[in-house]
Amino acid sequence: MAKIALGVTSSVSIYKACEVLRGFQKAGYEVQVLMTRNAARLISPLLFSSLSGRKVIVELFADDHPWSVAHVALARETGLLAVVPATANIIAKFARGIADDFLSTFYLAVESPVLIAPAMNAAMFLHPRTQANVRELRARGVEFAEPGRGYLACGDEGVGRLAEPEEIVARGLDLLRRSGSLRGRTVLVTAGPTRESLDPVRFLSNRSSGKMGYEMAREALARGARVVLVTGPVALFPPAKAEVVRVESAAEMEAAVLREFPRADIVVMAAAVADFAFAAPSGRKIKKPGLPESLAVVPTPDILKMLGARKAGQVLVGFAAETEDLRENALAKVRAKNLDLIVANDVSRGDIGFEADDNQALLIDAAGRVTPTAKMSKRELSREIWNVLEEILVRRS
Ligand code: CTP
């Protein structure tokens, strides 16, 4: 069974890490504690080694490590890295890739899911730099056990209080449970809009932010899949470990998807492919005097339909953006494009779908089974979708 690496840094809530350690042990996991030097000044590593039954690692270079390149050796055996409590400093180091002690070096070496439970003064947590670091790590696939509100060690009241130990343990165990469920599978995800050029400076595009597709890719990685992410131009950090293929036009996306398709087990077409492109794009910038009265467009290839026609065992997932008759229209697309699942969004609502952080969808499978979801973040929705997809994979095997 994989080990849990528990990173402990120097917040006053450090004593609660003992409870988290206990929780993981009760679930049957062996826990290796990694402390920063400052954490080891706040609380003796002896306490953690007594509880864990293993020598705590503090130093990157120590004579008594029983292995030669300890951070790499341990990384291979680790199924989860949980950092409890996490200071602003360790979060900043993780975000920037600074590796100047054992824990920060280990973060770069480990390939397992990472869970961070921040605990600090409210002003430090809400500082734009800390928030930017959290956002970036989150985009790269790190999970956060959000700190709660309450009385803080500094005497202030506000956000920054370590999440409850039971919640941290539950989140960690959930990550471990999901972490291998797609191992050995190759997932092809498309995301974002496409751009259809009119001339070297102008293009036709749409409002897709790419968030839903990036979340689908991130969750597939968290479940152990190999992920190829074919992405249109978006302003997002790709999840770590995704094989990223950047494209611009529908034609480029088509070429990239068809190239990767034979090796894929599951294809998630979350991209908002432009439905039409200019019939006669110009190689030079169109000047005002030469402006045509109208611009002719031609349909782009329907990539998903093409995949539906040539699929050989792949599970095919489409997205439908509808403003009316959500269920009927989506069901018609499942049939027309030979899909295994469609995620249907009502884009007439401003609070969900395009550009929003939240989404609500109907998941409709090939047999017409409809699973409505609650309104939730795109990250949570990606989990629901993968749960349904895993059921489809199980039914197939
Ligand atoms: N899609 C595609 N290639 C296109 C257009 C769409 O692969 N040229 C895929 C999208 O990635 C999405 C699904 O088809 O998964 C549904 O796209 P949507 O625009 O909702 O539906 P359309 O089939 O284009 O139909 P309509 O615009 O008439 O609703």
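We count ligands from 1, going down the list as the structure has it; atoms in each ligand are counted the same way. Values below: all heavy atoms of this structure, side chains included; hydrogens, waters and symmetry mates excluded.
- The contact set between ligand 1 and Ala271, taken as ligand atoms under 4.0 Å from a residue heavy atom, comprises 10 (C), 11 (O).
- With sequence neighbours left out, Leu126 forms a side-chain contact (heavy atoms from CB on, under 4.5 Å) with Gln131, Val159.
- For atom 4 (C) of ligand 1, the nearest non-hydrogen atom of the protein is Val273 CB, 3.5 Å.
- Residue Arg383 qualifies as enclosed at atom CZ: its count of foreign heavy atoms under 6.0 Å is above 12.
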Next on the checklist: Could you go through Arg395 and Asp365, starting from their C-alpha distance and side-chain angles, then the distance that decides it, and tell me whether this counts as salt bridge (Lys or Arg N to Asp or Glu O under 4.0 Å)?
Outcome noted: CA-CA 12 Å; Arg395 276 204 294 274; Asp365 72 10; 3.7 Å; yes
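- A heavy-atom separation below 4.0 Å is not found between Pro299 and ligand 1.
- The protein reaches atom 11 (O) of ligand 1 closely, with a heavy atom under 4.0 angstrom from it.
- Defined by atom type and a distance below 3.5 Å, a donor-acceptor pair is missing between the side-chain atoms of Thr373 and Glu384.
- The closest protein non-hydrogen atom to atom 7 (O) of ligand 1 is Leu304 N, 2.8 Å.
- A continuous path of Ile, Leu, Val, Met, Phe, Trp and Tyr side chains, each step under 4.5 Å between heavy atoms, connects Val234 with Leu221, placing both in one hydrophobic cluster.
- For ligand 1, the atoms closer than 4.0 angstrom to any heavy atom of Gly318 are 15 (O).
- Under a cut-off of 6.0 angstrom, the local environment of NZ in Lys305 is sparse, with at most 12 non-hydrogen atoms contributed by other residues, nucleotides or ligands.
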Checklist entry - Given Arg195 and Glu252, is the salt bridge (Lys or Arg N to Asp or Glu O under 4.0 Å) satisfied, shown in steps? => result CA-CA 10 Å; Arg195 282 180 183 172; Glu252 284 172 21; over 6 Å; no
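- When only non-hydrogen protein atoms are considered, atom 2 (C) of ligand 1 lies nearest to Asp302 OD1, 3.5 Å.
- In the hydrophobic clustering of ILVMFWY residues, with side-chain heavy atoms under 4.5 Å counting as a link, Val227 and Val315 come out together.
- The nearest protein atom to atom 27 (O) of ligand 1, hydrogens excluded, is given as Asp275 OD2, 3.5 Å; this is a heavy-atom distance.
- Closest to atom 26 (P) of ligand 1 among all protein heavy atoms lies Lys333 NZ, 3.9 Å.
- Ranking protein heavy atoms by distance to atom 16 (C) of ligand 1, first place goes to Phe319 O, 2.7 Å.
- Within 6.0 Å of the CZ atom in Arg41, the count of heavy atoms belonging to other residues, nucleotides or ligands does not exceed 12.
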Checklist entry - Is there a salt bridge (Lys or Arg N to Asp or Glu O under 4.0 Å) between Arg369 and Glu391 once you walk through the steps? => result CA-CA 13 Å; Arg369 262 186 295 258; Glu391 281 169 27; over 6 Å; no
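- Hydrophobic clustering, with ILVMFWY side chains joined whenever heavy atoms are under 4.5 angstrom apart, groups Val114 together with Ile57.
- Residue Ala250 places no heavy atom under 4.0 Å from ligand 1.
- Using a 4.0 Å cutoff on heavy atoms, Lys337 counts as a contact of ligand 1.
- Here's the thing with Met269: one of its N/O atoms is less than 3.5 angstrom from an N/O atom of ligand 1.
- Within ligand 1, the atoms closer than 4.0 Å to a non-hydrogen atom of Thr300 are 8 (N), numbered from 1 in the order shown.
- Those atoms of ligand 1 with a heavy atom of Pro301 less than 4.0 angstrom away are 3 (N), 4 (C), 8 (N).
- Using a 4.0 Å cut-off to heavy atoms of Ala321, the atoms of ligand 1 that qualify are 20 (O).
- With hydrogens left out, the protein atom closest to atom 3 (N) of ligand 1 is Ile303 N, 3.1 Å, a heavy atom.
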